[in-house]
Amino acid sequence: MKNHNNRIEKIKNWSKDNIIAIALVLLFYFIYIASLRMENAYFCFGTTGMAYMNGEYYRFLTCLFLHSGPRHLLANTLGLLSVSSLLSRFLGKGKTIFLFLSGGVLAEIAWSVVISDQIYDIGASSGIFALIACLIVCTLRFPDSFRFKWYRPDIIIVLVYFLFANSSVTAFLVHTFGFAAGILLSFVMVLTKALRKPADNSRISPPSEAS
């Protein structure tokens, strides 16, 4: 009974720390279900080459919330929740949404400038790669705050996502731009002290304490 209560308490704490990622995921699913009623939603809200944007710059933001199918949606769900669970002590709620949105939008703008054809990009992965970049910056900048085993499920999911999410040239480009945007924004946050080492009592727990 005690172990059961401990698990429930830890789930509650995890949910509280990652409320932004959870809210984004729920929004992804809501928009995905709504988009099933639309024909070619990506054509209306996805990012495309700058020459074909026709001034519809809202696409840089709206594309982050669209997904092409269940596998795409599930992959981004796992990627976002996992990287958020590792970053929540460093970013908090406001900075998490800021980095996800700003990194994603910057990546989509760069991708739109580079792409010369009328092809469309959708998905949250550019913002997720920005968060992964911030995770790497935090790992290098605050190594003492990352005292846990490498085989934690969230770490494994982030590694698999980082390595295997590049399923096409388009995906590779937008992920590269998202990662670069995340590195840039993270360094700016470090310099402005918006990204700082968490207090000792908010250090990410090792598996033996989090199981």
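Just so it is clear, the structure is predicted and the values come from calculations on it, not from any experiment.
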message: Is there a continuous path of hydrophobic side-chain contacts, each under 4.5 Å between heavy atoms, that joins L24 to I31?
response: yes
message: Do F100 and V190 land in one hydrophobic cluster if side-chain heavy atoms of ILVMFWY residues count as linked below 4.5 Å?
response: yes
query: Considering all heavy atoms of both residues, which atom of S125 and which atom of H175 are nearest to each other, and what is their separation?
result: OG-NE2, 2.8 Å
query: Under a 4.5 Å cut-off applied to non-hydrogen side-chain atoms, are F28 and L80 in contact?
result: yes
message: Hydrophobic clustering (ILVMFWY, side-chain heavy atoms < 4.5 Å, transitive) - are L27 and M38 grouped together?
response: yes
task: Please indicate whether E39 has more than 12 foreign heavy atoms, meaning atoms of other residues, nucleotides or ligands, lying under 6.0 Å from its CD.
output: no
query: What's the spacing between Y42 OH and S68 OG if we round to 0.5 Å?
result: 10.5 Å
- request: Nearest 0.5 Å please: distance from the CG atom of N76 over to the OG atom of S126.
  value: 9.0 Å
- line: L74 and Y29 have their tightest heavy-atom pair at CA-OH, 4.2 Å
task: Inspect the surroundings of OH in Y32 and state if more than 12 heavy atoms from other residues, nucleotides or ligands are less than 6.0 Å away.
output: yes
message: Taking the six-membered ring for Trp, are Y161 and F129 closer than 6.0 Å centroid to centroid?
response: yes
query: So, do E56 and T48 sit near enough that their side-chain heavy atoms are less than 4.5 Å apart?
result: no
query: Would you call D121 and E108 a side-chain contact if the rule is heavy atoms closer than 4.5 Å?
result: yes
message: Using side-chain heavy atoms (C-beta onward) and a distance below 4.5 Å, is T47 in contact with I115?
response: no
statement: Rounded to the nearest 0.5 Å, the CG atom of L99 sits from the CD1 atom of I20 at a distance of 12.5 Å
Heavy-atom side-chain contact between Y57 and M50 under 4.5 Å: yes
- request: Classify the angle between the aromatic ring planes of F90 and F142 as parallel (below 30°), tilted (30 to 60°) or perpendicular (above 60°).
  value: parallel
message: Please check: side-chain N/O of S82 versus main-chain N/O of G79, any donor-acceptor pairing under 3.5 Å?
response: no
message: Quick check: is V25 connected to L36 through a chain of hydrophobic side chains (ILVMFWY, heavy atoms under 4.5 Å apart)?
response: yes
task: Check the surroundings of atom CZ in F43: do more than 12 heavy atoms from other residues, nucleotides or ligands lie under 6.0 Å from it?
output: no
- prompt: Shortest non-hydrogen contact from S186 to L195?
  reply: O-CD2, 4.0 Å
query: Is there a path of hydrophobic side-chain contacts, each under 4.5 Å between heavy atoms of I, L, V, M, F, W or Y residues, that connects Y52 with Y58?
result: no
query: How about F45 and F65: do any of their side-chain heavy atoms sit closer than 4.5 Å?
result: no
statement: The reported gap from SG in C134 to CD1 in I132 (rounded to nearest 0.5 angstrom) is 11.0 Å
field: For the student: nearest non-hydrogen atoms of C138 and L87, plus distance
entry: SG-CD2, 4.0 Å
task: Give, for atom CZ of R152 and atom CG of L159, the distance between the pair rounded to the nearest 0.5 Å.
output: 12.5 Å
message: Under the criterion side chain to side chain contact (heavy atoms under 4.5 Å, CB included), I'd like the reasoning laid out for S112 against M53: C-alpha separation, chi angles, the key distance, then a yes or no.
response: CA-CA 9 Å; S112 182; M53 289 291 287; 3.9 Å; yes
statement: So CD1 of I155 and OG1 of T139: to nearest 0.5 Å the spacing works out to 8.5 Å
message: If you define the side chain from C-beta out and look only at heavy atoms, does anything of W14 sit under 4.5 Å from I22?
response: yes
Closest non-hydrogen atom pair, S84 against N18: OG-OD1, 2.6 Å
Minimum heavy-atom distance G103-A181, with the two atoms named: O-CB, 3.8 Å
message: With a 4.5 Å cut-off on side-chain heavy atoms, are L131 and L91 touching?
response: yes
